[in-house]
Structure formats: structure tokens, C-alpha cells
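All heavy atoms count here, side chains included; hydrogens, waters and symmetry mates do not. Below, read A as the first sequence line, B as the second, and so on, with proteins coming before strands; counting in each chain starts at 1.
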There are 2 protein chains.
Amino acid sequence: MELEPSSVWGDRWTSCDSPIAKKYMTVACQKRSIVCLAADRNTLLGLGELIDQVGPYISALKTHVDLVDDWTPEGWAELCDKARQANLLIFEDRKFADIGGITRNQMAGIYDIRSWSDLVTAHFISGPDIVDSLQSAWGDVGRKGGVLLLAQMSSRGNLLNPDYTKTVVDSGKTLKGVFGFIGNGSRPRELEKLREIVGPTKMIWTPGVNLAVGDGNMGQRYGDPCEAVIAGSDTIIVGSGIHRSDNPEQSAKMYAAASWNALLERNNG
Amino acid sequence: MELEPSSVWGDRWTSCDSPIAKKYMTVACQKRSIVCLAADRNTLLGLGELIDQVGPYISALKTHVDLVDDWTPEGWAELCDKARQANLLIFEDRKFADIGGITRNQMAGIYDIRSWSDLVTAHFISGPDIVDSLQSAWGDVGRKGGVLLLAQMSSRGNLLNPDYTKTVVDSGKTLKGVFGFIGNGSRPRELEKLREIVGPTKMIWTPGVNLAVGDGNMGQRYGDPCEAVIAGSDTIIVGSGIHRSDNPEQSAKMYAAASWNALLERNNG
């Protein structure tokens, strides 16, 4: 049985001013999943296999198109078709960070990100014009999309301190082209504070979560996905927890169930 | 007659700890130019024509590889050969802004930036690891390169305030992999302050200059290139002032002479 988005998402649905956000929330309800897969494979075949394995249990696919070693326009178009057939939003994690005019053009070119991405990440460092520029790029090909602004990062010595975060959020949440913000899923307390300043309308998506908390290799710290959702995350971005698992399908199911139940608990608890 | 780098560059040469910076300063002396051309053309042919026209009068070529609509591996390799024959450093203005591991891989892939770039731009937003990651990427193909960190920008509402700038410079100037910083050439006072905190060792390169000061279209403010050099810029990055000129060759000569004379005046004045 499919639940109504308004009952699942509460404020996030009723105050929503973005068609792409409503689309995403609807897809999440259809799939009972708020898991975005960080598809960190560097071949078209590897990416296609991942969609086959876990497509039914995730709501969005996060890509780095410039990390695909055997990329071709045709091969990528096929992969995007496969993602759409699996009812996934495609989220290119490009971290745009140039001035407006250049950014608009960077959405075109060989990779033509504007033609297949539903969501992209951007830093707000160059100022608010980057959001309009990205929206113009989608408009150039008659499409619509949403921008996720980096509000927090987890990397060592990053410069997204609370003042920086507040500046990004205060300005970004007033912009229609902003779908939401990227927060740090490994620290629920900071995530709660982020939700406070973001308010009810915009999405917060969070990497840095793993069901095996503290199990990070290479010095990464992970947080519990359910805690992240309760603290205000609307989607957990999961990479190695799914695609490096012995059984990616089973792992994706577990992440989907855990995060979905946390979302229901948050909005009806 | 070719001048000795030590007499032209003063402190910048004698305190230099970077092989790529010494290489650049030597090239500049050979060409009597500290002009980096912002080669904002979106075809291989257009870029090749620019090098033919102004190659002798510039010291570096700033590219956006992802804006070249007819990019092919072979065509790009030819263009890079042409740039090297013209004794130019190749500077890819990619504005890397991801975490270290992703950044290292972004230097590879289809565009394989690590294999042909001598310099790249990066934001310091994700923390200091991005510099090591970029250096590792060049190392992966047995090459060396230099990172220019964004310390100032000129875009409306950008978040590189004086505190941010200071954090970037204080940390960046201690890192061997950092070639220098991007400053704002349109504001000599702010550039003087930037030089104060950067100190004598690292480069400052500046866009935002035009010999026809105040002539900017599309709301851009330009500064005088000589004032920028006197205030501490080591290279002026010039785009439309050269490539949109009726006579690009003549314009490049003028920019080269003006900025070179300002450099000699600064260090011997």
C-alpha cells in the first residue's frame, strides 16, 4: 500500500514550493525508500549492475559522471534510461563552484549534465547567482532540476564552519531553485541545528551514515542512518554500505527499511 | 636580451620552494610577459587560432576543458602540443571542490587533466587534503604541477570574505603543493592586503583587469593591470580584453608590455 506523501512528509510536503522536490517525495513514497545510492563505480557496466541489483530499494542515484572511465554519450544515455526505468532521480554530484556564466556552460559540453540530471550539488562560495545559472542551464534544454547546496562537509579541516553554514542556508532557503542542502549525517546534534536554521521547507540530504556505525575505513566517521533522519535528514546517501556489501540487494533493503521507518516515526511519532 | 629571473622576480624567485613556480618565472622572463590568456572559446579550432595569434606574447593558457564542445582526446592532445611549442604553461581552471579521494580521481577519467595540466585551480573549502590529492594525481602519471587556491573572487555576493581569505592563505602558504593564490585584480587595495598575508614566497594571479578600465560589459568591474601588478599580482589573467579585441595579437602585446614593465618597476622601483 502506497502512503500519501502529505502524511509521510508532513511539513516538507505541505510547505514545498519546488516541483522537483514534490516529484522526489512522491517517488520515495512509491518505493518506500529515502536512500540515495552513491554509485561509486568507474565503469558503465559496474553502474548498470548496481541499478539492476538495488534499483527497487533506492529513490535516487548519485553519480560522478567524470569518474566513469569508459564513458561514451551512447553508453551514458543507456544508463540514464535504465535509471529512469527504475524510477530513480539522477543526482550528479558535480560540486559546481565557478561564477554563474561559466557554470551555465559547464552544464552543457561533452557530458551535457543539464540534459539528464534531476539534481546537482553546488557550493555557494561564488555567490547566489550560481543557482539561477544552473536553473537557466536546465531551462536551455526545456528541463527542470533542483540544486543541493553544500551546507556542511565532513572532510578534515573543511571551511564550512557554523557561520558559513548559516550564510549559505539563510540565503539559499529563499531561492526557489534550491532543492535543499547537503548536511553531515555523522553528527546528529549538528544536523538538528542545521534543520533549525533550514526550517520546514527545504530538503536536507546526508552522506556519512552507515548501519555499522564506527565501521568506517580510511578514517571516515559514520553516523547511524535512523538518528540522522530523526535529527532532520530527508534522505540518506549511502555508498560503500551498499555497493561494497557482500549482498548489495539485501543491504539496500535494510537501509531502505531503517530510514523509511525513521521518517514515519519522525513525522508521526 | 633575456633578463635573469632573480633580478626580475626578486623575493618571489629567491624564496621560491616550488619547481613549477621556478619554471613559470623562467618562461615569463623568456617571453617578457606575465599575461595568462583566459582562452574562453568553445571549439578546438577557436582555441588553436588564439594560440597562433597571441602565443608569443603570453606566458600561460587558462582553459576550461569541459567547455570545449567538439572535444576529442586526439584534438585536445594536439592543442596541448601547440601550447607547449608556444612555450606556454597550461592552466586548467577546474575549481576542484570535492573531498580528496574524489578529487584525485577527477584528475583522471575521460579528460585526464593530470596528464596535460601544469596548474589547476581549487577551492580550499573541503580542507587542506585537496592539495595533496591533486599532487598525488599528477604523481600518478609521473608529472608535477601546481595548485592555485581561490583566495578572492569578484562575483556578486561571494563568500570569500577577509576571514575566509585569511584561513585559506595562512594554511595554503605552508603547503608545498600550493603554487599560489587567485586574487581579485579589480581592487588594488584588497590585493595589497592579500600580498601582505601571502608574504613573499607564493604567487598571486589576478583576473578582473583590463587596459580599458571601467569598460566591463555585463556588470563586470575591471581594474588597471599595472596597478594590480604594483599591488602584488604576479600574473594578470586576461580574457575578453585580448580575445574579443579587433586585433588580438596587438592587444596581447600591449598587455604583455604594460604588465611586464609594472613587474620590473615593482621589483626595481
Just verifying a value: how many Å separate [X] [atom1] and [Y] [atom2], rounded to the nearest 0.5 Å?
{"X": "Asn161(A)", "Y": "Asp163(B)", "atom1": "CG", "atom2": "CG", "answer": "9.0 Å"}
{"X": "Lys95(A)", "Y": "Ile99(B)", "atom1": "NZ", "atom2": "CD1", "answer": "6.5 Å"}
{"X": "Asp66(A)", "Y": "Asp66(B)", "atom1": "CG", "atom2": "CG", "answer": "8.5 Å"}

Considering all heavy atoms of both residues, which atom of Ile110(B) and which atom of Trp71(A) are nearest to each other, and what is their separation? CD1-O, 3.6 Å
Shortest non-hydrogen pair, Leu67(A) vs Gln106(B), comes out as CD2-N, 3.4 Å
Side chain to side chain contact (heavy atoms under 4.5 Å, CB included) between Leu159(A) and Val168(B), worked out: CA-CA 9 Å; Leu159(A) 304 191; Val168(B) 172; 3.8 Å; yes
Heavy-atom pairs under 4.5 Å with chain A, option from Asp40(B), Asp98(B), Val68(B) with the top count: Asp98(B)
Only heavy atoms, only distances under 4.5 angstrom. Which residues in residues 118-141 of chain A are near chain B? His123(A), Phe124(A), Ile125(A), Ser126(A), Gly127(A), Pro128(A), Asp129(A)
Filtered by a 4.5 Å non-hydrogen cutoff, the part of residues 42-50 of chain A contacting chain B is none
Run the side chain to side chain contact (heavy atoms under 4.5 Å, CB included) test on Asn105(A) and His64(B) for me, step by step, so that the C-alpha distance in whole Å, both residues' side-chain angles and the decisive distance to 0.1 Å come before the verdict. CA-CA 10 Å; Asn105(A) 292 332; His64(B) 281 290; over 6 Å; no
Most heavy-atom pairs under 4.5 angstrom with chain B, which of Ala108(A), Gly101(A), Gly109(A), Gly157(A)? Gly157(A)
Is it true that, when you exclude Lys193(B) itself, more than 12 heavy atoms of the residues, nucleotides or ligands shown sit nearer than 6.0 Å to its NZ? no
